[in-house]
There are 2 protein chains.
Amino acid sequence: MANECDDVPMSDVQVEACPIVQIIDRVAGKWSVSILVAAIRNPVRYTELERSVPGISRRMLTLTLRNLERDGLLTRTVYPTVPPKVEYAATDSARELYGHLTGLLEWAERHRPDIIEARERYDALVAAA
Amino acid sequence: MANECDDVPMSDVQVEACPIVQIIDRVAGKWSVSILVAAIRNPVRYTELERSVPGISRRMLTLTLRNLERDGLLTRTVYPTVPPKVEYAATDSARELYGHLTGLLEWAERHRPDIIEARERYDALVAAA
DNA sequence: CAGTATCCGTCTCGATACTG
DNA sequence: CAGTATCGAGACGGATACTG
């Protein structure tokens with residue numbers, strides 16, 4: 001990712017921005033939020049996730065799960081049965097984070113008209129050039 | 001980006017996740033938040049931004065500015081002087097969004113110990129393998 | 001001053017065959 | 001069932017010469 005906050009000298013602007021960027025990175029990417037949403041509803045198994053999130057490859061599913069687990073947003077529980085059973089569950093931490101994300105959503109809904117208008121105006125300008 | 005919410009059939013999990021992903025994408029990436037932070041303090045000129053955000057290339061600065069402008073988070077004002085002067089200012093929309101981002105920050109600070117612990121435990125496990 | 005155009009390396013991501 | 005290993009395509013980002 002290369003968004004370490006402390007490897008190079010930073011301006012004060014970056015000092016303020018960096019911790020925010022780190023959190024955003026944590027849930028950025030195509031799949032993280034979908035998996036989080038699925039796991040928050042109730043604990044889910046690997047194959048179940050594959051079905052809940054159509055389009056995701058095994059590779060990305062595993063990578064995303066590992067990252068979320070590493071950050072303490074998911075727990076991974078292995079039941080040593082045959083065949084194997086693994087469950088992923090959202091942590092309290094993840095639920096709280098999700099609360100903040102829905103806060104963002106509220107912002108988006110309130111500003112949807114502004115955003116659409118801004119885009120249309122911008123695209124019109126670009127097209128004119 | 002390729003995170004359109006409506007081009008392919010989606011599961012209900014994805015329907016819930018997609019609008020959130022869109023907002024996150026809006027401010028994801030290495031530079032967006034830094035530029036936002038700088039512009040929220042007060043309107044800034046291009047070269048000023050180059051100094052405020054050390055390490056950014058001209059290319060990325062311009063690209064990021066254009067994206068933020070397109071989404072209505074920044075306004076771009078050209079003063080037809082010689083030499084040219086261009087100012088970027090944060091919109092109200094951007095200020096509100098930033099408020100939500102600091103909300104995320106508050107979450108991160110409260111959970112910093114959990115995250116560190118989760119990472120250490122996870123990394124220890126991986127190292128053991 | 002405020003950009004644009006170009007070139008090129010890197011790194012992410014998707015598809016898929018294979019395994020305990 | 002729940003993954004890992006491998007490969008290749010493409011997006012992303014950095015450096016920098018050039019311009020109105």
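All of these numbers come straight from a predicted model, not from anything done at the bench. Lettering follows sequence order; numbering is per chain, from 1.
Heavy atoms of B/Y88 sit under 4.0 angstrom from primed sugar atoms or phosphate atoms, though from no base atom.
Which of D/dA2, C/dC1, C/dT4 sits closest to the side chain of B/Y46 comes down to C/dT4. Relative to the side chain of A/T62, the nucleotides C/dA2, D/dA5, D/dT4 differ in distance, and D/dT4 lies closest. Distances from the side chain of B/R59 to the nucleotides D/dG3, D/dG14, C/dG3 place D/dG14 closest. Taking the side chain of B/R58 as heavy atoms from C-beta on, and the options D/dG14, C/dC1, D/dA17, the nearest nucleotide is D/dA17.
Of the inter-residue distances, the one linking A/L105 atom CG with A/Y98 atom OH reads 7.5 Å to the nearest 0.5 angstrom.
A donor-acceptor contact closer than 3.5 angstrom links the side chains of B/Y46 and B/T62.
Two residues, A/R76 and B/I56, neighbour DNA chain D, and the one matched to the more 5' nucleotide by heavy-atom proximity is A/R76.
Rounded to whole angstrom, the span from the CE atom of B/M60 across to the C1' atom of D/dT16 amounts to 15 Å. Regarding B/L63, its CG atom lies at a distance of 9 Å from the P atom of D/dG13, rounded to whole Å.
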Discussion item. Taking Watson-Crick (N1-N3 plus N6-O4 or O6-N4) and G-U wobble (N1-O2, O6-N3), each under 3.5 Å, can you produce the dot-bracket string of DNA chain C? Use [ ] for crossing pairs and | for inter-strand ones.
Written reply: ||||||||||||||||||||
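Electrostatic pairing of B/R76 and B/E87 does not count as a salt bridge here, judged by no charged N lying under 4.0 Å from a carboxylate O. A salt bridge links B/E16 and A/R41; the closest N-O separation between the charged side-chain nitrogens and carboxylate oxygens is under 4.0 Å.
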